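Note that this is a predicted model, so its numbers are computed, not measured. Numbers here are sequence positions counted from 1.
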Amino acid sequence: MSDPTLRVGVIGIGWAGQQALAAYQALPDVEIVAIAGQEADLLASLGEQYGAKQLFESWEKLIELPGLDAVSIAVPTVLHAPIAIAALKRGLHVLSEKPLARNGVEGQQMVDAARSAGRVLDIVFNHRLRGDIQALGEIIHRGDLGRPYYAKASWMRRRGIPKLGSWFTNQEMSGGGPLADIGVHVLDYSLFLLGEPRVTSVSAVTYAELGHRDIGEMKWSAKSEAASKFEVEDFAAAFLRLEGGGTLVLETSWAAFRDPLDLIDFSVLGTDGGAELRAVGATKAKVGDLRVYRDVDGEIADYTPPAEPGRAHAGVVENFVRVLRNPEEWAANDGSTALKRARVIDACYQSAAEKKEIVVE
């Protein structure tokens with residue numbers, strides 16, 4: 001009988017990498033073999049905490065380890081494509097932080113590599129696993145609201161620039177600002193809720209009004225000693241036309257003069273009902289306020305459905321491991337959904353730059 005243990009490596013030891021480590025450790029028959037990171041003291045500490053005997057400063061050395069089955073990538077976006085492609089070519093399965101890549105061109109290369117290798121490429125879209133979003137998804141998908149025709153969604157921060165002068169605000173390293181960073185989550189959970197309609201065209205705007213004036217940085221962020229200019233947007237909005245005639249409006253900000261509490265929300269109008277979800281405090285609100293609006297026999301029959309806290313990163317890692325244990329599911333998990341998101345984000349940036357509606361290919 002073959003050894004059921006999955007041997008994984010984690011590349012990146014910041015917050016996201018530590019979330020992945022904790023999630024893997026909690027699963028049976030999963031061994032954290034190696035960790036790669038730049039901070040020597042933290043790397044050593046995490047190696048001891050999670051029992052990883054192989055510690056590397058270089059990701060290149062980690063993916064060369066014999067006997068490795070999969071890697072998690074939790075590093076700046078500029079490195080997603082080169083690491084994922086190299087790992088896939090070595091026959092490793094890949095779970096990468098969002099966004100898929102800096103743009104759809106790199107994303108396509110990653111998906112092509114996954115298909116060529118016959119390996120899994122998955123992306124950490126953890127917000128679709130929120131308990132309130134899952135509860136609303138069940139309501140929409142079983143037809144309680146009829147046909148959804150108009151939806152609005154946002155992730156808004158007042159002071160949410162991750163770190164001024166860091167890779168987050170460097171266009172070459174990040175691929176974009178809040179639209180690429182947190183807006184991709186909004187796009188993902190919205191299309192999930194709407195049943196994955198194809199986005200046919202977008203009309204978008206971006207603004208960079210506060211970040212370049214050093215306004216809007218997260219309070220916990222430390223100033224970078226080698227700060228670069230603020231090169232990305234701090235607010236974006238997009239009007240998306242969907243196949244079948246539906247519409248989705250997105251807003252996202254890292255910095256804006258608004259309520260101090262972050263907000264994740266989604267509202268939808270359907271032919272037989274509507275719904276609103278508001279998570280005031282965003283990720284700190286484990287369960288948001290969810291309300292469904294319906295009529296029954298001509299009378300208002302609104303209600304509040306129950307929802308439990310979601311599994312976040314742990315849920316993503318659990319699903320990734322489950323798929324790896326079921327080879328018949330590998331081909332369907334090649335990063336294609338994330339690539340669709342990347343192409344929509346590309347179209348949004350193109351629309352904002354050219355000041356016109358862009359057809360999504």
Open item on the list: Let's go through S154 and R278 carefully: what are the C-alpha distance in whole Å and the side-chain angles of both, what is the deciding distance for side-chain hydrogen bond (donor to acceptor under 3.5 Å, both in side chains) to 0.1 Å, and is it a yes or a no?
Closed with: CA-CA 10 Å; S154 74; R278 288 177 55 84; over 6 Å; no
Using every non-hydrogen atom in the two residues, find where [X] and [Y] come nearest and quote the distance to one decimal.
X: R128; Y: T337; answer: NH2-CG2, 4.2 Å
X: V33; Y: L68; answer: CB-CD1, 4.1 Å
X: G176; Y: Y349; answer: CA-OH, 3.3 Å

Are the side chains of [X] and [Y] in touch, meaning some heavy atoms are under 4.5 Å apart?
X: Y150; Y: V249; value: yes
X: E97; Y: H313; value: yes
X: N319; Y: R322; value: yes
X: F192; Y: H141; value: yes
X: V94; Y: R119; value: no
X: I133; Y: L129; value: no
X: D259; Y: R158; value: no
X: I85; Y: M110; value: yes

TODO: Establish, from distance only, whether the side-chain atoms of Q108 and D112 form a donor-acceptor pair under 3.5 Å.
DONE: yes
How many angstroms lie between atom [atom1] of [X] and atom [atom2] of [Y], to the nearest 0.5 angstrom?
X: L242; Y: L248; atom1: CG; atom2: CG; value: 6.0 Å
X: N170; Y: E172; atom1: CG; atom2: CD; value: 7.0 Å
X: T247; Y: L240; atom1: OG1; atom2: CG; value: 9.0 Å
X: R159; Y: L210; atom1: CZ; atom2: CG; value: 11.0 Å
X: I182; Y: M156; atom1: CD1; atom2: CE; value: 9.0 Å

So, does [X] use its side chain to make a donor-acceptor pair with the main chain of [Y] at under 3.5 Å?
X: H80; Y: I73; value: no
X: Q350; Y: D346; value: no
X: N326; Y: E328; value: no
X: Q18; Y: I13; value: yes
X: N333; Y: V120; value: no
X: E357; Y: V202; value: no

Open item on the list: Tell me whether the rings of Y24 and F320 are parallel (<30°), tilted (30 to 60°) or perpendicular (>60°).
Closed with: perpendicular
TODO: Would you please classify the geometry between the W254 ring and the F230 ring as parallel, tilted or perpendicular, with 30° and 60° separating the classes?
DONE: perpendicular
- [ ] Check the pair K152, D265 against salt bridge (charged side-chain N to carboxylate O under 4.0 Å, His left out), reporting the backbone distance first and the verdict last.
- [x] CA-CA 8 Å; K152 292 175 61 179; D265 70 354; over 6 Å; no
TODO: For the pair K340 and E243, evaluate salt bridge (charged side-chain N to carboxylate O under 4.0 Å, His left out) and give the outcome as yes or no after the intermediate values.
DONE: CA-CA 14 Å; K340 293 176 183 177; E243 191 170 46; over 6 Å; no
Open item on the list: I'd like to know if E276 pairs up with R291 as an ion pair, taking the criterion as any Lys NZ or Arg NE/NH1/NH2 lying under 4.0 Å from an Asp or Glu carboxylate oxygen.
Closed with: no
Open item on the list: Any salt bridge linking D181 with K98? Criterion: basic side-chain nitrogen under 4.0 Å from a carboxylate oxygen.
Closed with: yes
